[in-house]
Amino acid sequence: MRKEIKTRSIIFSSFLLMIFFSFSIWGEGLTYEKKDRFFLEERMDGSSLLPYLSVYHDETGKKSFKEVLRIFDQGGSEKIFQNSLGYSKSAIWVRLRTENQTDKVVNWILEIDYALLDFVDLYSGRTSDSAINHSGDLREFGTRPIEHRNFAYPFSDEPDSKREIYFRIASSSSILLPFLAFSKNEFIEHSFTEQLALGLYYGSMLIMVVYNLFLLFSTKDKSYLYYVIYILTYILFQFTLNGLSFQYLWRGSVLWANYSLPFSIFSVILTAGAFSRSFLNAPEYTPKTSKLYYLLFALSFGGMISTLFLWEYRTAIMSSLVLMFFTLGFLISNGVQCLLAGRREAKYFLFAWSSFLFFSFLFGLKSFGILPNNFFTLWGIQVGSVMEVSLLSLGLADRIKRLSDQLKQRVEELGNIRNYAEESEAKYRSLFEVEEDFLFSLDQNWNILAANRSVSKHIGFKPQEVIGKNFMELIYKAGELQDAYKKLYVLEKLEELASEGKPVRFLGEFLQKYLREPKELQVQFQILEYEGQREILGRAFEPDQDLMSRYVDDEKTVYTANNYLQNAELLSQRMTTNLYRFVDPGTITAMRNCLREMIINAIEHGNLNISFEEKTRAMSDGNYFRFVQERQKDPYYKSKKVKVEYSLSRDRIGVRITDEGKGFNHARLQKSSMEKLNSEGITHGRGLTLTLATFDLVKFNSTGNQVTLVKYF
């Protein structure tokens with residue numbers, strides 16, 4: 001609380017002090033003694049010409065020089081008490097009378113110390129009705145008699161000579177008349193000093209850019225990115241405000257030179273808002289207020305677009321200044337909210353933006369003609385911006401220090417956690433390695449991340465040989481069409497795990513390293529989530545059929561299935577689950593393959609009416625599964641079912657498979673041999689031949705849409 005009171009007291013005192021100096025200088029402007037003629041001297045170092053100026057407002061903007069001369073001669077002009085005339089649609093005529101009372105020729109420079117005037121026409125003497133120079137920021141920079149960011153005009157006056165100088169000034173921006181007189185040498189020295197000061201200013205700003213770029217690359221904190229962009233846009237704004245952009249960047253682009261100032265103000269508002277939102281972490285500390293930043297972004301971006309395509313200059317500059325005042329007030333308010341909410345860096349933010357707000361406020365009042373042109377209103381904004389940038393950099397540095405302290409604390413905590421994790425990992429690894437079952441973990445793409453040593457016992461591979469492989473690479477492949485059905489079955493289980501998140505369990509045939517035959521293992525998958533990560537834990541082990549079937553003597557079941565091919569895998573596995581007490585594993589695998597083939601035949605050739613030739617052609621074209629899917633969607637075939645009757649006893653297993661197709665000539669087909677299929681290179685059609693060799697009885701009905709299979713134990 002004491003820190004907050006101290007912060008507010010310093011800010012309030014700074015405001016009072018700067019207001020006192022500002023209005024003191026304004027008061028000095030009001031006490032000028034108005035004089036009729038300016039007397040030249042051999043040495044003049046920026047003498048103010050304000051007391052010697054007479055001004056006439058040409059509301060029509062069309063009066064000629066001769067007409068204006070008569071108005072001045074008839075006393076139609078007026079003296080001014082401050083050099084800021086605000087925004088005016090009139091053409092402003094300014095008269096300055098000079099006299100050289102010295103005994104030497106005086107070479108001197110008249111400077112208008114304000115770069116944002118659209119049209120400045122110089123008339124010298126009373127003899128000619130034409131201007132001797134036409135310049136302004138709506139004319140190319142090369143029209144100026146002296147290469148300078150402001151308007152500077154050289155004169156040479158003989159001893160005891162008098163001169164009348166007239167300017168016609170018209171501008172859609174605010175009109176300032178800071179007329180200054182320099183002797184030639186003093187102007188050169190003044191320009192050098194001014195360029196040096198501006199160089200130091202822009203150099204210090206660029207140093208802050210480079211410094212924060214290094215911090216950005218080292219910390220990867222996006223606040224530094226926003227800050228660098230903000231400083232760069234502000235540099236461009238100041239460069240334009242000081243007339244340097246027109247002098248060095250776009251000398252011939254008069255239209256862009258005119259509109260670049262409001263455009264740069266809107267861009268500064270946009271980047272300042274983005275930086276402030278990130279620096280204050282407004283969404284966390286002030287979630288409701290932070291939503292106003294999106295309105296600020298929309299208004300500033302809309303202002304940038306409107307400046308380029310829709311608005312005239314005066315509307316653009318007035319809108320940009322109004323939005324600038326609103327933005328600065330909003331940022332200060334949000335900074336106070338974040339400070340009260342516990343954001344430590346907000347105190348630097350408030351110091352920085354309070355100083356910038358004050359000088360921007362003075363600059364705005366000067367632009368509207370309320371305050372005169374003086375050091376605080378013309379140059380103080382540069383001082384304020386340097387103060388702001390420096391304080392914000394201190395805030396970011398303090399943020400790094402705080403993060404460093406937090407990081408140190410987190411490192412200590414992580415050290416303790418790591419010790420605990422190492423102990424837990426050692427216990428887990430010990431359990432993982434000594435487990436008799438084949439344990440492994442998968443990523444979301446089913447790639448094996450880890451495996452224990454039991455993989456060697458089950459399928460012959462070493463752990464390092466399976467790590468990195470996809471799980472599907474471990475599934476046994478016979479090089480026949482049935483491999484596709486096995487793959488569909490396993491993928492279906494994996495998708496079930498991914499979609500439902502519940503553990504799944506199934507029988508799978510694994511590839512063995514040394515034997516060219518499958519190894520059947522029970523597989524179980526479950527999902528593990530920890531620290532925001534997700535892995536799949538797998539376990540493969542010998543099937544526990546003895547536990548499942550030791551009490552099964554008789555079993556009868558009837559299944560009705562649709563025409564999905566993966567049903568063949570599911571049904572064949574189910575009907576051979578309880579056979580381990582009756583026959584050896586090799587015979588069980590052969591029977592399962594035959595049952596799968598017979599069910600597939602019932603689906604393909606029976607219910608879907610796919611001929612042998614159609615299947616051969618579709619497989620050679622590589623679109624077999626798409627061809628099957630089209631038949632499955634056909635309304636004529638869609639509702640047909642496959643009926644499977646299953647009977648198990650102590651001495652035999654019997655299976656009857658019936659489809660709703662037209663049947664086929666099974667007598668002729670049984671005469672085809674494996675040698676003929678191999679000689680013709682046909683990759684299917686072997687299912688019936690294998691079935692005849694495996695089962696003791698294979699009998700078709702007369703139609704050919706039903707087959708009965710019997711195997712005696």
Side-chain angles (χ1 to χ4, degrees), residues 15 18-19 22 26 82 84-89 114-118 137 171-176 230 233-234 236-242 245 256-277 282 289-337 349-350 352-373 376-378 380-382 384-385 388:
F15 267 110
M18 288 185 283
I19 291 173
S22 168
W26 188 16
Q82 61 182 37
S84 178
L85 302 184
Y87 291 89
S88 175
K89 295 182 179 180
Y114 183 62
L116 305 178
L117 297 174
D118 293 345
D137 63 5
S171 183
S172 55
S173 63
S174 60
I175 297 178
L176 305 181
Y230 164 67
T233 55
Y234 188 81
L236 179 62
F237 159 69
Q238 281 292 342
F239 214 60
T240 303
L241 185 66
N242 294 333
S245 296
W256 170 243
N258 192 49
Y259 281 92
S260 58
L261 180 62
F263 182 86
S264 62
I265 294 177
F266 281 120
S267 63
V268 167
I269 293 172
L270 178 64
T271 55
F275 164 71
S276 301
R277 183 176 183 271
T289 306
S290 67
K291 296 178 181 178
L292 292 176
Y293 280 99
Y294 295 108
L295 174 62
L296 177 63
F297 298 154
L299 292 175
S300 54
F301 184 75
M304 294 168 65
I305 301 301
S306 300
T307 298
L308 295 177
F309 301 106
L310 301 177
W311 288 338
E312 61 177 7
Y313 177 83
R314 182 166 298 174
T315 304
I317 194 67
M318 294 285 286
S319 301
S320 65
L321 291 176
V322 169
L323 184 59
M324 180 181 69
F325 294 145
F326 165 77
T327 301
L328 292 173
F330 169 69
L331 295 182
I332 293 293
S333 174
N334 190 231
V336 172
Q337 287 181 307
F349 184 86
L350 288 174
W353 285 104
S354 296
S355 61
F356 184 77
L357 172 62
F358 175 77
F359 288 110
S360 298
F361 181 70
L362 293 184
F363 174 76
L365 292 180
K366 176 205 67 175
S367 300
F368 283 105
I370 300 175
L371 289 181
N373 193 49
F376 283 100
T377 58
L378 187 62
I381 194 170
Q382 277 90 347
S385 62
E388 177 215 13

**Q** Roughly how far, to the nearest 0.5 Å, is CZ of Phe301 from OG of Ser267?
**A** 12.0 Å
**Q** Measuring from atom CD1 of Ile265 to atom OH of Tyr234, what distance do you get when rounded to the nearest 0.5 angstrom?
**A** 10.0 Å
**Q** After noting the C-alpha distance and the side-chain angles of Thr233 and Thr271, does the key distance pass the side chain to side chain donor-acceptor pair (under 3.5 Å) rule?
**A** CA-CA 8 Å; Thr233 55; Thr271 55; 2.9 Å; yes
**Q** Using ring-ring contact (aromatic ring centres under 6.0 Å, His included) as the criterion, list what pairs up with Tyr293, not counting sequence neighbours.
**A** Phe330
**Q** Which atoms form the tightest heavy-atom contact between Gly273 and Phe297, and what is the distance?
**A** C-CE2, 3.6 Å
**Q** Go through the structure and list residues passing side chain to side chain contact (heavy atoms under 4.5 Å, CB included) with Thr240, not counting sequence neighbours.
**A** Leu236, Ser245, Trp250, Ser260, Leu261
**Q** By ring-ring contact (aromatic ring centres under 6.0 Å, His included), which residues pair with Phe266, not counting sequence neighbours?
**A** none
**Q** Not counting sequence neighbours, which residues clear side-chain hydrogen bond (donor to acceptor under 3.5 Å, both in side chains) with Ser319? List them please.
**A** none
**Q** Drop me the distance from Ile269's CD1 to Tyr230's OH, to the nearest 0.5 angstrom.
**A** 10.5 Å
**Q** I want to check something: taking the side chain as every heavy atom from C-beta on, are Tyr114 and Ser174 in contact at a cut-off of under 4.5 Å?
**A** yes
**Q** How long is the straight-line distance from OH of Tyr259 back to CD1 of Ile317, given to the nearest 0.5 Å?
**A** 11.0 Å
**Q** By side chain to side chain contact (heavy atoms under 4.5 Å, CB included), which residues pair with Ser171, not counting sequence neighbours?
**A** Leu117, Asp118, Ser173, Ile175
**Q** Name all residues meeting the side chain to side chain contact (heavy atoms under 4.5 Å, CB included) criterion together with Ala115; count only those two or more places apart in sequence or in a different chain, and write none if there are none.
**A** Asn150
**Q** Under the side-chain hydrogen bond (donor to acceptor under 3.5 Å, both in side chains) test, which residues partner Thr289, sequence neighbours left out?
**A** Gln337
**Q** With sequence neighbours excluded, give me every side chain to side chain donor-acceptor pair (under 3.5 Å) pair touching residues 300-309.
**A** none
**Q** Determine, stepwise, if the pair Leu176 / Leu116 fulfils side-chain contact (heavy atoms from CB on, under 4.5 Å).
**A** CA-CA 9 Å; Leu176 305 181; Leu116 305 178; over 6 Å; no
**Q** Which residues pass the side-chain hydrogen bond (donor to acceptor under 3.5 Å, both in side chains) test with Ser290, sequence neighbours left out?
**A** none
**Q** Tell me every residue that passes side chain to side chain contact (heavy atoms under 4.5 Å, CB included) with Ile332, counting only those two or more places apart in sequence or in another chain.
**A** Leu350, Trp353, Ser354, Leu357
**Q** Any side-chain heavy atom of Phe349 within less than 4.5 Å of one from Val336?
**A** no
